[in-house]
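Worksheet: the structure to be examined is printed underneath.
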Protein chains: 2
Amino acid sequence: MAAASDTSTTVFRALADPTRRAVLEHLSRAPASVGELAQPFDMALPSFMQHLKVLEASGLVRSRKTGRVRTYRIAPAPLRDAEDWLARQRSVWERRLDQFDAYVTALQEDRP
Amino acid sequence: MAAASDTSTTVFRALADPTRRAVLEHLSRAPASVGELAQPFDMALPSFMQHLKVLEASGLVRSRKTGRVRTYRIAPAPLRDAEDWLARQRSVWERRLDQFDAYVTALQEDRP
DNA sequence: ACTATAGTTAGGTCAATACCTAAGTATAAG
DNA sequence: CTTATACTTAGGTATTGACCTAACTATAGT
């Protein structure tokens with residue numbers, strides 16, 4: 001199959017978990033250490049760190065260790081890629097749907 | 001953890017696979033039957049159908065059987081939700097990044 | 001030096017995912 | 001009525017994902 005490691009795949013995969021999305025939301029407000037990020041979650045630290053690794057492998061975040069503290073921060077580029085993919089797809093099919101609006105509406109109505 | 005079945009989770013999960021994204025691209029151009037959708041892929045039909053099930057469970061597509069042919073088509077709403085989540089996050093952190101641009105640039109430069 | 005803190009590594013369990021083959025059902029075509 | 005087509009169901013394997021506990025390393029504080 002297509003090498004399951006292209007950007008879209010790893011980014012969407014990273015986003016497909018509520019814990020990881022919550023981490024991103026936290027980081028979108030401010031950089032934070034592992035401990036700060038982990039604190040809201042009822043999860044063993046090693047388990048939580050796997051999520052951080054997935055996020056970092058996807059390129060959505062970056063980290064840096066200073067002394068014994070590792071600080072994470074957001075990296076916007078890959079997210080923009082994912083968003084672009086979605087926007088592109090959606091624009092194509094919404095143009096289509098406009099043309100066939102009545103037809104689609106009818107279809108949706110018989111699936112209540 | 002958060003019920004792993006909220007909309008964002010299932011939508012991102014559905015998008016986290018190249019086969020499924022290719023199916024969505026196909027469907028964004030036109031509705032299609034199972035056979036038409038499967039044809040480009042070197043995969044047993046039952047395996048392929050699992051992908052269609054994941055897509056339909058996520059709400060990204062809908063299907064309808066007429067005679068012995070099941071036709072799939074795109075359903076735009078959930079995609080828009082995912083896109084909104086991304087856009088919202090990104091706008092928050094890009095505002096932040098503007099403020100700290102020099103700092104972030106410096107950080108990125110020592111990770112070549 | 002000693003102890004606490006912050007994170008890391010090792011290794012194990014359990015469930016879910018992504019595949020497969022083989023055999024079935026329902027409709028259409030001859 | 002018979003056969004081909006279009007999907008569906010059943011059931012099996014192998015890998016990956018999400019979690020855990022226990023034990024370790026490195027730095028900071030006393």
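Protein chains get the first letters and strands the later ones, always in sequence-line order, with residue 1 at the start of each.
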*List in chain and number order the residues that pass side-chain contact (heavy atoms from CB on, under 4.5 Å) with B/A57, two or more places apart in sequence or in another chain; answer none if no residue qualifies.*
none
*asked:* I need the CZ-C1' distance between B/R13 and C/dT17, as an integer number of Å.
replied: 7 Å
*Output yes when at least one side-chain N/O atom of B/S47 is less than 4.0 Å from OP1 or OP2 of C/dA18, else no.*
no
*D/dA18 phosphate, OP1 or OP2, under 4.0 Å from A/R20 side-chain N/O*: yes
_Tell me the interatomic distance from A/M43, atom CE, to D/dT21, atom P, rounded to whole angstroms._
12 Å
*Any sub-3.5 Å donor-acceptor pair from A/R20's side-chain atoms to A/H51's backbone N or O?*
no
Each nucleotide N or O in nucleotides 4-10 of chain C that has a protein N or O under 3.5 Å away: list the pair and distance.
residue, atom, partner, partner atom, Å
C/dT5, O2, A/R68, NH1, 2.6
C/dA6, O3', A/R68, O, 3.4
C/dG7, OP1, A/V34, N, 3.3
C/dG7, OP1, A/R70, N, 3.4
C/dG7, OP2, A/G35, N, 2.8
C/dT8, OP1, A/R70, NE, 2.6
C/dT8, OP1, A/R70, NH2, 3.1

_Qualifying residues under side-chain contact (heavy atoms from CB on, under 4.5 Å), relative to A/Q50, sequence neighbours excluded_ = none
*Figure out the CZ/P separation between B/F12 and C/dT17, and round it to whole Å.*
17 Å
*Does A/H51 have a side-chain nitrogen or oxygen under 4.0 Å from the phosphate oxygens OP1 or OP2 of D/dG17?*
no
*For A/V61, enumerate each residue passing the side-chain contact (heavy atoms from CB on, under 4.5 Å) test, keeping only those at least two apart in sequence or located in another chain.*
A/L24, A/L27, A/L55, A/E56, A/Y72, A/I74
*B/F41 CZ to C/dA18 C1': how many Å, rounded?*
14 Å
*Starting at atom CG of A/D17, determine the distance to atom C1' of D/dG17, rounded to an integer number of angstrom.*
10 Å
*What residues, two or more places apart in sequence or in another chain, satisfy ring-ring contact (aromatic ring centres under 6.0 Å, His included) together with B/F48?*
B/F41
*Residues that A/Q39 engages under side-chain contact (heavy atoms from CB on, under 4.5 Å), provided they are two or more places apart*: none
_Per A/Q50 side chain, nearest of listed nucleotides C/dT17, D/dC19, C/dC20_ = D/dC19
